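Encoded as structure tokens, the structure appears first; notes follow it.
Every chain is numbered from 1 and lettered A, B, ... according to where its sequence line falls, protein lines coming before strand lines. These figures come from a predicted structure and were not determined experimentally.
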There are 2 protein chains.
Amino acid sequence: MDVSVKGEYALRAVFELSCQGTPDPVKIARIAESQRIPQKFLELILAQLKQGGYLGSRRGADGGYFLARPADQITVGDILRQIEGTMQPSRRPFAKEPADSPFPELWDRVERALSCVVDRTTFADLVERWRQKRSQGVLNWQI
Amino acid sequence: MDVSVKGEYALRAVFELSCQGTPDPVKIARIAESQRIPQKFLELILAQLKQGGYLGSRRGADGGYFLARPADQITVGDILRQIEGTMQPSRRPFAKEPADSPFPELWDRVERALSCVVDRTTFADLVERWRQKRSQGVLNWQI
DNA sequence: GGAATCTCTAGTAGAGTGGTAGAGATTGAC
DNA sequence: GTCAATCTCTACCACTCTACTAGAGATTCC
């Protein structure tokens with residue numbers, strides 16, 4: 001019931017871009033450093049997110065990646081689905097189950113519950129909550 | 001974001017025992033057959049569920065496994081946690097994250113949403129829903 | 001005693017995860 | 001036009017984990 005490291009890296013990268021506010025491209029190297037993600041691995045992840053239409057990029061000096069649309073129009077669920085492939089708890093046509101079983105309905109419920117969180121949380125929400133927490137509470141200027 | 005095959009097998013086995021109604025032990029071989037689970041693999045799973053206190057067993061002729069408590073006192077979440085270890089979407093102290101990040105809170109929300117489904121669904125619920133569906137709708141007597 | 005059952009310890013093939021390596025294509029600055 | 005900085009593409013790989021399998025041992029009931 002867990003998210004892969006790759007999925008977490010993807011979320012952190014998009015979060016980093018969402019924090020920028022500006023549409024200027026950010027270098028892979030910078031994202032890798034500030035989010036502590038292995039750079040070559042991050043390259044693959046960002047390419048995949050670009051393929052999904054969530055990011056854009058520019059090559060050459062002053063190149064980098066940027067959000068392809070505003071942060072309030074990208075959800076956590078979008079990114080997770082793009083990286084992990086799906087969100088269904090059970091996507092197995094194999095593990096032969098008796099045709100008549102109570103579990104498909106259960107998995108539907110689980111998926112809807114998950115969806116309620118991840119498809120309603122945008123990166124704009126994440127940035128906002130994070131800024132609020134920073135301004136009120138524990139002061140920690142690591143980023 | 002998925003449940004392992006082992007976890008599914010565990011759920012199906014407990015469901016099978018819950019359907020019995022009677023406290024008589026059911027043989028591994030019978031559960032394996034009716035739920036189409038590889039028998040030797042199922043042995044390991046049932047032993048683990050017994051360790052967790054959800055099942056009891058008896059050896060010898062007329063032996064088998066049975067629920068250690070009533071089906072309305074065992075939840076889907078109990079079984080999943082016993083088999084999968086946890087339900088947190090992210091349990092990684094490695095993947096070094098900046099100390100100050102919006103994600104732990106997100107994972108908490110996800111876990112609570114999941115919990116709402118799996119910790120409130122007992123095996124008695126599953127059996128009841130399944131019986132209702134059978135009596136009303138698609139008639140299918142595979143089990 | 002013996003048959004039927006659970007129990008315990010090992011092992012294992014294959015897929016998947018989490019990377020790394022390096023050459024190539026584009027861009028911007030000079 | 002050249003050079004440096006950057007993204008892009010293909011390939012590879014070590015390690016872990018998943019989903020099993022094998023087989024001998026311990027109990028129980030008749």
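The CZ-P distance, from Phe41(A) to dG22(C), rounds to 19 Å in whole Å. In this structure, Ile28(B) atom CD1 and dC20(D) atom C1' are separated by 15 Å, rounded to whole Å. Going from atom CZ of Arg12(A) over to atom P of dG18(C) covers 12 Å, rounded to whole Å. In this structure, CD1 of Ile37(A) is placed 13 Å from C1' of dG18(C), rounded to the nearest angstrom. Atom C1' of nucleotide dA19(D) and atom CD of Gln48(B) are separated by 13 Å, given to the nearest angstrom. Rounded to whole Å, atom C1' of dT18(D) lies 11 Å from atom OH of Tyr9(B). Per the geometry, CD belonging to Glu43(B) stands 12 Å off P belonging to dA22(D), to the nearest Å. Between the C1' atom of dA19(D) and the CZ atom of Arg36(B) lies a distance of 19 Å, rounded to the nearest Å.
A heavy-atom distance below 4.0 Å to DNA chain D is reached by these residues of residues 52-71 of chain B, ordered by number: Arg59(B), Gly60(B), Ala61(B).
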Atom pairs and distances, donor-acceptor, side-chain atoms in residues 58-65 of chain B, under 3.5 Å, two or more places apart:
unit_1	atom_1	unit_2	atom_2	d
Arg58(B)	NH2	Asp62(B)	O	3.4

Could you list the donor-acceptor pairs under 3.5 angstrom formed by side chains in residues 117-127 of chain B, with sequence neighbours left out?
unit_1	atom_1	unit_2	atom_2	d
Asp119(B)	OD1	Arg81(B)	NH2	2.6
Asp119(B)	OD2	Arg81(B)	NH2	2.5
Asp119(B)	OD2	Ser115(B)	OG	2.7
Thr121(B)	OG1	Val117(B)	O	2.8
Thr122(B)	OG1	Ala124(B)	N	3.3
Thr122(B)	OG1	Asp125(B)	N	3.1
Thr122(B)	OG1	Asp125(B)	OD2	3.3
Asp125(B)	OD2	Thr122(B)	N	2.9

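Between Glu16(B) and Arg12(B) there is no salt bridge, since no side-chain N of the basic residue sits under 4.0 Å from a carboxylate O of the acidic one.
Looking only at distances, no side-chain donor or acceptor of Glu84(B) sits under 3.5 Å from a matching main-chain atom of Val3(B). Gln82(A) places a side-chain N or O within donor-acceptor distance of the main-chain N or O of Gln48(A), the cut-off being under 3.5 Å.
A donor and an acceptor atom sit less than 3.5 Å apart, one in the side chain of Lys40(A) and one in the base of dG22(C).
Listed by first and then second residue, the salt bridge (charged side-chain N to carboxylate O under 4.0 Å, His left out) pairs involving residues 37-48 of chain A are Lys40(A)-Glu43(A) (not counting sequence neighbours).
With rounding to the nearest 0.5 Å, the separation of CH2 in Trp107(A) from CG in Leu114(A) is 11.0 Å. Summarising the geometry, atom CG belonging to Leu55(B) is positioned 5.0 Å from atom CG belonging to Leu49(B); distances are rounded to the nearest 0.5 Å. With rounding to the nearest 0.5 angstrom, the CG atom of Asp100(A) is 6.0 Å from the CZ atom of Arg134(B).
Fit an axis to the five pairs at each end of the helix from dG1(C)-dC30(D) to dC30(C)-dG1(D) and the two axes sit 10° apart, to the nearest 10 degrees.
Distances shorter than 4.0 Å separate some side-chain N or O of Lys27(B) from OP1 or OP2 on dT5(C).
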Pairwise N/O distances under 3.5 Å, protein to nucleotides 9-17 of chain C:
none

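Hydrophobic clustering, with ILVMFWY side chains joined whenever heavy atoms are under 4.5 angstrom apart, keeps Tyr9(A) apart from Phe66(A).
In the displayed structure, Glu33(A) atom CD is contacted under 6.0 Å by at most 12 heavy atoms of other residues, nucleotides or ligands.
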